[in-house]
Amino acid sequence: MALRSEHSTVYVALYFFIIALFTLTVGASGGSGSKVLSLLQPYDFLYYSGVRAYYGGEWAKAAELLEKSLQTKEALLRTRRQCHDDCVASGTDALNKLDSEEGSMWDLWALDWIQQRAECLRFCIGRSVTPTGQLPVSNDIEYEFDTRNPYNFLQVTYYKLEKLKKAASAAHTYFVANPSHLEMRNNIEKYRRMKGVTEDDFQDKEIEKHWILYDAAVQHEAFSDWLQATEKWKACVNETLWQTDECRVQCEVAPQPLPEDRGVDGVDGVFEKAAAVSLSLLSCRQSCVTQVATRPGRISAQEDFLQTQLEHLHIAQFKSGDVSGALQTLRSFLLFYPSDKDSLDNLQLYYETLGGDAESHGMQPAQEIVKYINQSLQEKKLLYFGVENLNFNFTDPDLWTPEDVVPASVRENWRAEKQKINEKINEGDQLEEVDDSGFYAGGPVPQVGVTITMDDEALNGTNRVVLDGVMTEKECDKILQLATVAASLGDGYRGRRSPHTPHETFEGLTVLRAVKLSQEGLVNQSDTRLLHELGERVRTLLHSYFRSPAGLFISFTHLVCRSATTDEQEGRMDLSHPVHVDNCLLEPETKQCWREPPAFIHRDLSAILYLNDNFDGGELFFTKRDAKTVTARVKPSCGRLVGFSSGPVNPHGVTAVTRGRRCALALWFTKGKLYRDMEREEAESLWAADGKGVLKNNNEEEEKEGSAIAGRNARSHATKERSRGRNIVMESKDEL
Ligand SMILES: O=C(O)CCC(=O)C(=O)O
Ligand SMILES: [Fe+3]
């Protein structure tokens, strides 16, 4: 990627620029140099120095500087926030005069107020931060911190310093924001197997509290624990409001780029310029809604984030018996959506239950929500005025904005855009059957005894196939046995609730884990070899059947068993695996599929090899892009293989497993060598290292067990080709 190599140039330029500024600052401070040094230094300078130390192999220094850059950035945000609060508290004088007798000089009092606030902030921030530390950082540095890249450097640095717990935490922190980073996933697996590292060490250092609360609330809901759910949703709403406020304050106190000057042709007088500055500020504040609602590692924000929380809170309160609380939350929600039919019906129901009306119960909407909405509405009014009359560009982050706030001309533009989207959706309907994966079903099946049971036509779709006879009964038994033993030994997934439904448990085994277990003599080695070989068998079959235009590499293999729990299973409405597409995020409403993380965007071909049929439910089904219209169903049985291209032509899910245990070997293939399964190669090299390996070790540079970590680093130099362009700054820091 061009961006990556550009970075190094940017770094060098940035480095000299910062050095020059830094030297000037320290030089100018003369005798009071020590005072300057005790102030907050520029965190971009610290980061850059840390990166330099990293490349120089000065690990202790690199760790110190990188840590300090993160801490300094955090301290800078806190300082600005504190100064904002102090200056707001002490700066009411000039504002009061706006309402006074001398109101005729309102413009001067307003300017006086602005000047006082500016002076207060300048003095306050200057007490804690060096002048260079106050300068805005470049977009590149912002990008580095936003994508948590300092943790990418830190994880290798800690590893070199043998601080494994810290390394595990840094790796995890980075991975949360970069979930499709394969090398980091591999590293994390390695840390997991290292002595002295425990599950608790995988801590996200940058985790935001509202996401913890959100996930906890959803969990409590899944288990119908309504009291706990209420508590968590309440805390989540408060935390979301607080985070939004934090973000909004930074719009005021952090340096902002001035709106573009229209140059020599510019006709802007002072008021036009001031209007542009104020519109930028308001737009920045509004964008905080999106910022707070975007999970790390995701590109898009969660729509209606705060409003969704209120809806959930309302239901949790009602279910836990707090009807007054539910009524108050419902009234808060109705401020956003005053004509929402379900909410109005519920409101009526509450009035009837409690008798009287809301006022008679003192149930006003929450004050914070009232304030939030009033503030936001006023900002939107100003912003839309700017859009209509001052050529300002503004993207409204909210869906709840009332129509009458938006000027007619802007609404007209929206309507035209919506029309375009509808046309696209219709196009999407027609495109539904078009697959641009490059696969073309219908090739030969090169294995004796394997038959084509269902093709595209029988499966009602594109690039889908069901093959039978891929495994013998004996082979199925062997792999089922392997799954059972591994689960009883405690694989990572043992006894875990399924990530998809609370009514099932989930066990999983990878090839590498199986090899390790067989090395320890805990499972049968021939079973492990079979597990490995099946990957190759399926690859050969599908490569041929789908007439794969290029090489096909195994990207991930997972032996997965789903078991019905002992709870009540009757009348289950949920799915064992909700409808999804394997390589993109399906949005059934628009029939779009977004190829962005956390989807596994490198997956090109999917395969599921079934091992048994002695369970109830658990059928695989394909749907249209609406995720509702079922186009085909497949009942699992031993040796049955389903193969399909991983893209948007093949949304699929699994019906609830209501009795017994359903086991299958899931395999994903990729056309990009870059994304081949490194764990598989590691497993192969373990066999080779044992001296008993008949398997080919594709990776000549791979080091032997015991120095596998160092080996990966050595190798990454030798395989620059593979990693180039994937890392922002350098190849070798990614993979251990
Ligand atoms: O087990 C199955 O039949 C399908 C599983 C699946 O779709 C997946 O893991 O992505
Ligand atoms: Fe899938």
Side-chain angles (χ1 to χ4, degrees), residues 179-180 435 437 453-454 459 461-468 470-471 476 479-480 483 492-493 496-501 503-510 534-535 538 542 554-564 574-586 588 593-595 597-625 627 630-658 660-670 677:
S180 56
D435 185 14
S437 62
T453 308
M454 294 173 99
L459 286 164
T462 308
N463 283 335
R464 305 173 177 175
V465 72
V466 177
L467 303 178
D468 273 320
V470 176
M471 287 172 82
C476 289
I479 301 296
L480 283 169
Y493 296 99
R496 291 266 175 90
R497 262 179 205 285
S498 157
H500 310 298
T501 164
H503 303 292
E504 291 174 25
T505 55
F506 202 80
E507 304 147 26
L509 182 71
T510 62
L534 285 171
V538 172
L542 296 187
I554 297 177
S555 144
F556 193 52
T557 316
H558 207 197
L559 172 56
V560 175
C561 297
R562 306 153 188 262
S563 308
D574 59 331
L575 294 171
S576 176
H577 204 135
V579 175
H580 63 283
V581 174
D582 284 344
N583 72 12
C584 52
L585 301 171
L586 181 65
C593 207
W594 305 100
R595 216 156 167 170
F600 296 98
I601 53 179
H602 52 274
R603 291 178 176 175
D604 294 312
L605 204 56
S606 306
I608 305 133
L609 181 54
Y610 296 108
L611 300 169
N612 63 331
D613 59 7
N614 52 343
F615 52 84
D616 288 344
E619 271 186 8
L620 174 79
F621 60 96
F622 290 97
T623 69
K624 289 198 168 192
R625 286 204 208 182
V630 175
T631 51
R633 291 176 179 273
V634 181
K635 202 169 158 31
S637 62
C638 162
R640 175 164 284 182
L641 173 71
V642 183
F644 50 94
S645 76
S646 311
V649 285
N650 284 322
H652 58 282
V654 179
T655 61
V657 177
T658 53
R661 178 163 169 259
R662 172 202 197 259
C663 294
L665 185 61
L667 294 133
W668 288 275
F669 301 92
T670 176
D677 186 1

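Residue numbers start at 1 and run along the sequence shown. Atoms within a ligand are numbered from 1 in the order they appear, just like the ligands themselves. What you are looking at is a predicted structure, and each value in this text was computed from that prediction instead of being measured.
Looking at Arg603, its side chain never comes within 3.5 Å of a backbone N or O of Trp668 through a donor-acceptor pair. Using modelled atom types, no side-chain atom of Arg562 and backbone atom of Glu504 make a donor-acceptor pair closer than 3.5 Å. Of the possible polar contacts, none joining the Ser576 side chain to the Ala656 backbone as a donor-acceptor pair under 3.5 Å is found.
Contacts of Arg662 with ligand 1, taken as heavy-atom pairs under 4.0 Å, involve the side chain alone. Counting heavy atoms under 4.0 Å from ligand 1, residue Phe621 does not touch it at all. Of all the heavy atoms of His558, none lies under 4.0 Å from any atom of ligand 1, so neither backbone nor side chain is involved. The residue His500 has no part lying near ligand 1, judged by heavy-atom distances below 4.0 Å.
By the 30° and 60° cut-offs, the orientation of the rings of Phe622 relative to Phe644 is perpendicular.
You'll find the side chain of Phe669 reaches within 4.5 Å of the side chain of Val538, heavy atoms only. Side chains of Asp582 and Asn650 form no contact here, defined as non-hydrogen atoms less than 4.5 Å apart. The side-chain heavy atoms of Arg640 and Asp613, taken from C-beta on, include no pair separated by under 4.5 Å. Side-chain contact between Val560 and Phe506 is present, with heavy atoms from C-beta onward closer than 4.5 Å.
In this structure, the protein non-hydrogen atom closest to atom 8 (C) of ligand 1 is His577 CE1, 3.4 Å. The nearest heavy-atom contact from the protein to atom 7 (O) of ligand 1 is His652 NE2, 2.9 Å. In this structure, atom 5 (C) of ligand 1 lies nearest to the protein heavy atom Arg562 NH2, 3.7 Å. Annotation: atom 10 (O) of ligand 1 to nearest protein heavy atom, His580 NE2, 3.0 Å.
When only interatomic distances are considered, the shortest N/O to N/O separation between Asp582 and ligand 1 falls below 3.5 Å.
For the Fe ion (ligand 2), the nearest N, O or S atom contributed by His652 is named NE2.
Asp582 contributes OD1 and His580 contributes NE2; the angle these two atoms make at the Fe ion (ligand 2) is 90°, rounded to 10°.
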